[in-house]
Structures are given as structure tokens and as C-alpha cells.
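Predicted, not measured: the structure shown is a model, and the values here were computed from it. So you know, we letter chains A, B, ... as the sequences are listed, proteins then strands, and number each from 1.
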Amino acid sequence: MCMERIFIGVAWPYANGSLHLGTLAGALLPGDIFGRYHRLKGNAVLMVSGSDEHGTPITITAEKKGVTPKEIVDHYHAEHVENIRQLGIKFENFSRTSSEFHKKVVQDFFLRLYENGYIYPKKMLAFFCPNCNRFLPDRYVEGVCPYCGGKARGDQCEECGATLEPEEILEPKCKICGTTPVLKETEHLFFKLSAFEEPLLQWLSSKKFWRDNVLRFTQNFIKKGLKDRPITRDLEWGVEVPIKGYENKRIYVWFDAVIGYLSASMEWAKKIGEPDKWKEWWKGEAKHYYFLAKDNIPFHTIIWPAMLMAHGGLNLPYDVPANEYLTLSGEQFSKSRGIGIWIPDVLKKFDADAIRYYLAINMPEKHDTDWKWDDFVAKNNNELVAIYGNFIHRVLTFIHKNFGKIPSYKEEEKGEKLIEEVHNIIKEIDDAIGKCHFKDGMKKIMKIAQLGNRYLNESEPWKLIKEDREKCASVLHVCARIIKSIAIVSAPYMPNAADKIWKMLGYDDSVHEHGWEEAFDDIEPNQISSPAPLFRKLDLKDIIEDEFSKLDIRIARIVDVQNHPNADRLYVLKVDVGELGQRTIVAGLKEWYNEEDLKGRKIALLANLKPAKLRGITSEGMLLAADDGKRAYLLLPQGKEGSRIFVEGIESNPVEKITYDEFRKIKLVTKDGKAFYRDKPLKDEKGEIRIDGNVKDGCIIR
RNA sequence: AGCGGGGUGGGGUAGUCAGGAAAACCCGUCGGGCUCAUAACCCGAAGAUCCGUGGUUCAAAUCCACGCCCCGCUACCA
């Protein structure tokens, strides 16, 4: 078989925070499975990625923390590198965009496009915040839509979807400081993306094998018309523009990041001492694959290919098998809403391969899939441990106890049939991974383990060992041979476990130095040492240990206030809880808040409290307030009604209904005029939750 | 609003583009077997009007039309 060159580009994680499971499921893991598979197949793989370290969000994080952007990206880049190592993801080069090497490549690339006539200057209007003293990216401008009066963000209305020009937006506010920004003229360099509509469509016409969603999305996007994009920004943090007159500007982070694929390839070649070697992938015959989640599609199927066309002489993407999203119990990962599972946290608790298994078997290839803790535990325990791990463990312990080495094979009719069946499955796995059907491949590996278990049960070697030692040896030989196959075909999915199996089979090198075709070969009569279980069982109780996660605290808006007919001190409130609808609650606020104070106000509502009748009226939830023994103080959330109030780092996993007694054990207190759980502030999507009035520290919130 | 994806037994998914014999797989439930193995393994059973309505067809989960519901994207956030 002739060797292929495979380039694998994995979307660059942004160095403004920790990696989360979505990045792993959508880009890192499929890229790694694919890369490891091709290396096993004997192909020449160049797989690169790196930390994306420029852009406004990083400068803002740095300002908030009072450090330099460099310190932020150094911190997260180091963390990414460490996490990637722990996850067993193998890159030829995992680089970073703040390196001098990368900057130089970006500037050369930029200049070449400039010389080729694809970059030109143009004046434009942009929002400038006089208080922050900076131009604001769209994301940081909030205002009112001139068409529907809804909330508009940047260049678009969130409510009606209208696209807005900067000057149209009403009552614009800087999202960082709340100041009204001014429109200011600024000159930027534009990339002539519009020139590539036809070439891109032409190029796409040969991509019939792409995933449907990727291809259709891309084609529609282009057909709507491509606009030239400004590719410089008024910023200090980024790659300097290599053109006179633009010394105060930086290259737009997106433009710079995608060039990382090229710069990281060149840097790799330099590192291994063959500085021209990258050309074999970028100028010679090679297939370029890019792994990313769906939000990244246009950058990899339109902008980057157009940039490569404008540059000339470099290979375009061959396939972009973009994934959908991994959601968490049905909700999208979102740092600002406190929804997410961060890689450094999960690595503390679980084996990388257990995480890799669950994400592989549950990969969002065709549509969003959900990470659910109970499902993770179930699949780990019932599939990975029970079917896969146990097959290997029971075979090896049996061999170790009774033979000490891989027993020799005489003949065994059923076993031969099984081997043939397994070989067919291996071919199917090969085909599946080659087509980036990773989920399917993983399922088929499990199928092999299942067939092994069945064969073992039917053959009953524990009986044969007493009656027919030779046949018993043959049966176990067959099983061992199947385990060898499993080790090889699992290597792309669970590199660590695969290598452990390999060593338990008595080999003293690494499975990753071997080839895919060896999965068809017989096993050598190795001595084996005492086997140990590969994976451990998990207990859901150990995972969801924090009692706070039981609470479902939502923001609610008071729409109506009535006096309770049978109680002097109680109000009956009607509240709007967004997606949860309207609710009636009873609250004892009458002594401290009058009706007018309350109407329209946003409050914190414990939404999953077991409903209770208070003097004849059922209260569906409980309004949370601080109590200093003399009076009550309302919590003052700012977010949208229906959105959650959370504590960072504690995953929300509310129980159906919580009793008042259970809730009382969870201590929420006041501190510095804010609400705290333990030493962490309660937050909503707008930030930390303040408390009305002048409340002392240490008051209980109920 | 536009575009894209999705709605399949209790849960999670495959199958849909190239329509066709009993709708496949994993988990869960129930019954049985086994005891080598991390109370793990294996076999069997129950359980689905394949979102709804209408249409095309000898035949529809699959094609067409309309409707309902979820999710994502919409490039100067990454």
C-alpha cells in the first residue's frame, strides 16, 4: 500500500480560559483519533494546533485581573499543553500565536496577499468607548434595536434578528463600563473576500463527500454574497501590521489564528531540523483535514481557503468534518452562564481514557449530543468496565493462573470462525475511522469485546481446564489473539489503555510503534505478568457531591403583588420565570417592602422547592432574601428572567423537588453586600449578585 | 427573520441522501444460564401508531407538501 501524507489541523483553543469538554469532543479528540489511526496505518501525519492568544477578550481579562495579556496567555497556554498531554493527544506540534516565529509567518503571508492585490485600505466607522479608551468589537456594544425595540448586540438585534449598521443602533452602551460609545472614523485594511465567491464555489463543487451540514452551510453562506472584511484592528495586543502607516494597528485575530496551521507546520519542520519538510504537506501531494466544531465552519471552509487561494501555491482543505455541539444536560456550554465542564477539573477525577471513551461513543457527529453524568457513569461501568475491560481481565487472569504465558493453539473450530468474524469487523472499523465515523468505529470495537465474551461463555474454559487442557489452551489462545487485535484498533481511541493491554500481553515495546495490519496477525507465546483491571467503576454519588448543585435558583420578575387574604404579613406574588412560565409564590415581605417597591423588580427564586401551602395559598417556590434577624433584604439579580443563579465551579444538577429542611442545610450567607455560598459568590449571567440595602456580613439567606 | 440540523420503544443513539421481507445497537426492566472475571459475563422476553396531518407508490422512518416542537449559526466574539 502506498503511503499517504495527511495534514491534520485542529481548531486552536482560545487562551482566555481553560479547555472544556466541548473543545475536546468537537475538535481535539476526533483529530487525535484520526491522527493516531493514520500513523498506525503507516501514513505520514503532520498534526498541528496551538493556543490562539490574541484579540480583545484576552486584553479585557488581563485588565480585569490587573495583569498583562502576556501573563494570561502564558498561564492558559501552559495549562492547555499540560491538559493535552494528560488527555493523550499527540500533536507533531502544538504551538501558540504569540510566538515570534508565528508573527513572522503571519506578516509574510499578509504581505504576499498585499502584493497580490487582495488587501486594500478603507475608512470605516466604529464604536469607540472614551472611558475604556478603546474601539469596541461588536460583541461589546449593547443597545436597542431601531426596528423592534428589542435588545441589540453589536451589529445585530437579538430579538428580531435584523442586521444593523453601527450608526443605526439606539442607546448604545459599552458592555464593559456602560459608557455611551461614540462613532469614530478609522482606517483599516480589508481582505478582498468578495473576489473568491466563484473560485470557492468551483472548489466546493468537488467536495461532494463532505458532511451534508458542512457543505450546505458553506454553499448557502457564499451564495448570500461574500463581503470584504477588515483584517486589522485598533488594538495593541496582536501581530503588528507589516505596512507603513499602520503601526498602531494589529492584524485581526481570526486572520492571524488560521495562519497558525501553516506557521505551526513550519515551526515543526524547523524543530526537527529539516526546515523545508513542511513543504511536503503544503506544496506536495497531501490531504488536509481540519477538525472543529460547527461554530467554526465558515472560517475553515470560506475564509481560510480564500486566504490560501489569495496566497497561492499552498494546499487547500481536503475535508472539514466539523462536529456539532456537545451540550451539558441539554444546555450549551457557556462560561458566562456557569454551564460547562472544564478539562482540568475532570482530569483530576477521571482517567483520560474513560473520558475519551464516553466522548467517542457519544460524539456529536451528526447532531448535538448531551453529556450527562448519569449516562457517563452508566457507559463507563456497563460498557467500558463490564464489557471491554472485563473481557480482557477475565481472559488474562485465567491465562496467568493456568498457563503463565500465552497458550499454544492447536485447533478450535468455533475460534476460527470467530477470528474470521473479528477480522471482518476490523475492516469495518478501518473503513469507519477513515471516513471519520468515529462513533461507529468505537461501537464496533465494543462489538468485538462482546463476541469475545460470548465465545468465552460458550466455550467454558473453566470446565475445559479439567477435562481437555489442549482445547482449553486453544480457546484462550484465540481470546488472547482477539485482545491483541483490540489493543491495536483501540489505540486511536484510548491510547493509554491500549498500551497497557499491549504490555499485559507480554510485549515490552509500545503498541503505538506497531501497525494497523498487525491486528490481523496471530499472537506470540509471550510470558505474561499478573494482570490488573484496566478501568475502574464510578459512583454517581462521588461525582455530584456538592449539595448546592441540587438547587435550582432562577431569576424571576415580579408581575403582580397582592395582599394575602388570610395573613397580615404575607404577600402573594405573581412572578415571571422566563422558560419556567408564571408562578405564584407567597413571601413574607410586607413589613419591609411595599407593593410599588416590588412590582417589576427582579428577584432570586428557589424554583425547585417542594410547593407548600402557606395559610391556604400554594407557594410554588420561595423568594430568597437575607435576614439579619430584624428585617429582610432582597437579592438583586440583573440577568434575564428564567436564567440561572449559580456558583462558579459547581455544576447545576437540580433535584426534582427539594424539601425546605434540605434547603435549610445549605448555607447561603451575605458578605460585602453580596450573596455567598461557602467562600464563593452567587452569580448570574451579569455577574455577582448584590443585596438590597445595607446588610451586615454573615446573615442567612432564605 | 433567514439559513442549517434534529424530533425513532423508559433513557441514549443507528438507519433517512440511492423507498422494500421481522425498524438495528447500547443502557434500563423482567425471566433464565454461568461462576473464569471489577456482583462482572452470556442467552431470552416485554416494550415503538419511527413528531402530526395530507400526498406519491404495489410498498414510506426513508420521497413530496403543510404544520408543531427542540437546538445551533447569521462573518468587525473566539
J.: Using Watson-Crick or G-U wobble geometry with both distances under 3.5 Å, which nucleotide pairs with B/U74?
T.: B/A1
J.: Would you indicate which nucleotide in B/C26, B/C73, B/A40 comes nearest to any side-chain atom of A/Ile387?
T.: B/C26
J.: Could you work out which one of B/C36, B/U13, B/U38 sits closest to the side chain of A/Lys443?
T.: B/U13
J.: Using atom P in both nucleotides, what's the gap between B/A37 and B/A22 to the nearest angstrom?
T.: 44 Å
J.: Go ahead and name the base partner of B/A61; Watson-Crick or wobble counts if both distances stay under 3.5 Å, otherwise write none.
T.: none
J.: Does B/U49 pair with anything, Watson-Crick or G-U wobble, both distances under 3.5 Å, and if so, with which nucleotide?
T.: none
J.: May I ask which nucleotide in the shown strands pairs with B/G10, Watson-Crick or G-U wobble, both distances under 3.5 Å?
T.: B/C27
J.: Is A/Arg469 positioned over the aromatic face of A/Phe403, cation under 6.0 angstrom from the ring centre and no more than 45 degrees off axis?
T.: yes
J.: Which residue, A/Thr301, A/Ile297, A/Leu226, A/Leu200, forms the side-chain contact (heavy atoms from CB on, under 4.5 Å) with A/Phe221?
T.: A/Leu226
J.: Quiz question: going by heavy-atom distance under 3.5 Å, is there a donor-acceptor pair between the base of B/C76 and the side chain of A/Arg229?
T.: yes
J.: Should the pair A/Arg229 and A/Phe191 be classed as cation-pi, given the thresholds of under 6.0 Å to the six-membered ring centre and 45° from the axis?
T.: no
J.: Just to be sure I understand the geometry, which residues of residues 447-466 of chain A put a non-hydrogen atom under 4.0 Å away from RNA chain B?
T.: A/Gln450, A/Asn453, A/Arg454, A/Asn457, A/Trp462, A/Lys463
J.: On a whole-Å scale, what distance lies between the C1' atoms belonging to B/G47 and B/A60?
T.: 23 Å
J.: Among B/A37, B/A78, B/A14, which nucleotide has an atom closest to any side-chain atom of A/Asn390?
T.: B/A37
J.: Between the side chains of A/His54 and A/Tyr14, is a donor N or O closer than 3.5 angstrom to an acceptor N or O?
T.: no
J.: Just jot down the ring-ring contact (aromatic ring centres under 6.0 Å, His included) partners of A/His393, sequence neighbours excluded, or say none.
T.: none
J.: Counting the atoms with a prime plus P, OP1 and OP2 as sugar-phosphate, which does A/Asp295 contact under 4.0 Å by heavy atoms, base, sugar-phosphate, or nothing?
T.: base
J.: Counting C-beta onward and ignoring hydrogens, is there a side-chain heavy-atom pair between A/Asp74 and A/Glu53 closer than 4.5 Å?
T.: no
J.: For atom C1', what is the distance between B/G28 and B/G10, given to the nearest Å?
T.: 7 Å
J.: Has the side chain of A/Trp254 got a donor or acceptor atom sitting under 3.5 Å from an opposite partner on the base of B/A78?
T.: yes
J.: Between B/A14, B/C26, B/G72, which nucleotide has the shortest distance from any of its atoms to the side chain of A/Lys439?
T.: B/A14
J.: For A/Leu534, which contact category applies under a 4.0 Å heavy-atom criterion: base, sugar-phosphate, or nothing?
T.: base
J.: Give me the one residue out of A/Glu187, A/Lys249, A/His188 that meets side-chain hydrogen bond (donor to acceptor under 3.5 Å, both in side chains) with A/Thr232.
T.: A/His188
